[in-house]
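Encoded as structure tokens, the structure appears first; notes follow it.
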Amino acid sequence: MSRVPLRRALSDLPPYVPGGRAPVGAAAFKLSSNENPYPPLPSVMAAIADAAVDVNRYPDMYATELTEAIATRLGVAPEAVVAGCGSVAVLGHVLATVCEAGDEVVFPWRSFEAYPIAVSLAGAVGVRVPVADDGRLDLPALAAAVTPRTRVVLVCTPNNPTGPAVHADELDAFLDAVPSDVLVVLDEAYVEFVRDPQAPDGLAVFAAHPNVVLVRTFSKAYGLAGLRVGYAVARPRLAAGIRAASTPFGVSHVAQLAGVASLRAHDELMVRVEAIVGERARMLIGLRAQGWTVPDSQANFVWLPLGERSAAFADQCARAGVIVRPFAGDGVRISVGEPEATDLLLEFTATTTPR
Ligand SMILES: *Cc1c(COP(=O)(O)O)cnc(C)c1O
């Protein structure tokens, strides 16, 4: 019997491995998915409850109020903002907007595991450029990997899972080296956590370079991972293309109102972000004092480059009550959560041979 053939791209697709979850009933800190440890603010909960009564209706297809609120906060035109159901979806729509079959998309590796999947599904060819040993993106190498076939370069800053942010001067040099008809996507999922004074101002970079698009999300600093809402900031022509490529009604009414309420509560939420940044410092200092090698982190996670030890470390850590995210053969990513989770993690790592 003959079967429906599947696209060849699918057979090569690396699986997206979600961060581990605690077994039902088990007490464990989930530091495996870079989630915000804090529950929604009361004002955001109220917006979610209010929105729930309207879910028999389709949402506002263009997420007008949310788009305007984002634009106001960022100081850009509403036409520049395109919301989608998570920035992973937005990235897919960006690629669908500019990639023809067989075009090349250059991205760092190891980086966000959604990249190779999104690139293949767009029908493009991924070109991976190794991240340096200190966890920093190698921007000169990313620029050197651009060929006449290259349509897009993905720049993840801070880089998930290794942690460092790119620096403004090296990004400027990179953008000078990349042809102006190659789209540069700055994935700023963790931008609110960046404290490195040398990090670029993404919005200024966007303003200065017509071939730059920003991708941001409400999933991390804003704590709305479960509602799936992210956005791109793009020039009007590209923004219109991304809108055309987007899933209609992709951002639910609940997500739209929660996003608006979160922007209203911005200052309150940034107090929480500051607490996570403080906890990140405590985790980094604690681990390094124990002898662990940890790259700088400008995000809400830290990276232990444990190589072949990664899976075993993650298993033992879970038994100690902390669920972390191993990348087999490469390293372990540990999200920054509650202070109690940091305490428990540092207790565990103190009893383990560092590297
Ligand atoms: C978490 C993350 C995202 C955000 O994903 P959402 O789909 O918005 O939840 C995007 N890029 C990177 C690098 C991430 O780590």
Side-chain angles (χ1 to χ4, degrees), residues 14 16-19 30-37 40 63 66 70 81-96 105-119 121 126 128-129 131 135-137 142 152-166 184-194 199 202 213-233 242 246-247 250-252 254-256 258-259 262-263 273 276 280 295 297-303 324-325 327 331-337:
Y16 189 110
V17 182
K30 183 174 184 290
L31 304 185
S32 54
S33 296
N34 298 346
E35 293 151 339
N36 196 309
L66 175 63
I70 294 166
V81 177
V82 189
C85 54
S87 56
V88 171
V90 174
L91 175 66
H93 299 143
V94 169
L95 296 176
V105 177
V106 173
F107 56 85
W109 198 253
R110 177 172 290 278
S111 188
F112 187 31
E113 64 183 326
Y115 292 161
I117 300 170
V119 168
L121 286 179
R128 300 179 186 201
V129 174
V131 169
R136 302 185 54 81
L137 299 198
L142 282 162
V152 182
V153 185
L154 306 178
V155 176
C156 190
T157 180
N159 189 47
N160 175 8
T162 57
V166 300
V184 175
V185 178
L186 284 193
D187 185 343
E188 299 193 304
Y190 303 95
V191 65
E192 295 87 354
F193 299 100
V194 174
V213 57
L214 308 181
V215 175
R216 295 186 176 182
T217 181
F218 283 90
S219 294
K220 310 287 165 47
Y222 286 86
L224 298 182
L227 282 180
R228 315 304 306 124
V229 54
Y231 57 93
V233 183
I242 302 169
S246 292
T247 310
V251 187
S252 75
V254 177
Q256 292 184 29
S262 298
L263 288 169
V273 166
I276 294 167
R280 170 179 82 199
S297 173
Q298 295 298 317
N300 65 343
F301 54 82
V302 304
W303 172 248
V324 299
R325 173 73 165 88
F327 294 85
V332 172
R333 190 190 65 199
I334 308 171
S335 308
V336 179

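Read the numbers this way: they start at 1 and go in the same order the structure lists the ligands and their atoms.
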- [ ] Examine ligand 1 and decide if any of its atoms is less than 4.0 Å from a heavy atom belonging to S219.
- [x] yes
Open item on the list: I'd like to know whether ligand 1 has A225 as a neighbour, heavy-atom separation below 4.0 Å.
Closed with: no
Task: Any F218 heavy atom less than 4.0 Å to ligand 1 - done: no
Task: Atom indices of ligand 1 within 4.0 angstrom of R228 heavy atoms, with elements - done: 6 (P), 7 (O), 9 (O)
Task: Ligand-side contact atoms (ligand 1) for residue partner C156, heavy atom cut-off under 4.0 Å - done: 13 (C)
TODO: Mark up the atoms of ligand 1 that fall under 4.0 Å of a heavy atom belonging to K220, in ascending order.
DONE: 1 (C), 2 (C), 3 (C), 4 (C), 14 (C), 15 (O)
TODO: Give the atoms of ligand 1, by number and element, whose distance to some non-hydrogen atom of A189 is under 4.0 Å.
DONE: 2 (C), 3 (C), 10 (C), 11 (N), 12 (C), 14 (C)
Task: Sub-4.5 Å side-chain heavy-atom contact between V17 and F327 - done: no
Task: Nearest neighbour in protein (non-hydrogen) for atom 15 (O) of ligand 1 - done: Y190 OH, 2.6 Å
TODO: Check for a donor-acceptor pair, side chain of T157 on one end and backbone N or O of V166 on the other, with a separation under 3.5 Å.
DONE: yes
TODO: May I ask which of L154, V88, D187, N300 has a heavy atom nearer to atom 13 (C) of ligand 1 than the others do?
DONE: D187
TODO: Examine distances only and state if a side-chain atom of N160 and a backbone atom of F112 form a donor-acceptor pair shorter than 3.5 Å.
DONE: no
- [ ] Start with the C-alpha gap between F301 and Y190, add the side-chain angles, then the distance that decides, and say whether ring-ring contact (aromatic ring centres under 6.0 Å, His included) holds.
- [x] CA-CA 10 Å; F301 54 82; Y190 303 95; 5.1 Å; yes
Open item on the list: Determine whether a donor-acceptor pair (N or O, by modelled atom type, separation under 3.5 Å) exists between the side chain of R110 and the backbone of T162.
Closed with: no
Open item on the list: Treating N36 as the side-chain partner and K220 as the backbone partner, does any N or O pair qualify as donor plus acceptor under 3.5 Å?
Closed with: yes
Task: Distance from atom 5 (O) of ligand 1 to nearest protein heavy atom, with residue and atom - done: S87 OG, 3.3 Å
Task: Side chain R216, main chain V233, donor-acceptor under 3.5 Å - done: no
Open item on the list: Using modelled atom types and a 3.5 Å cut-off, is there a donor and acceptor pairing between side-chain atoms of R333 and backbone atoms of S32?
Closed with: yes
TODO: For ligand 1, find out whether one of its N or O atoms is nearer than 3.5 Å to an N or O atom of T217.
DONE: yes
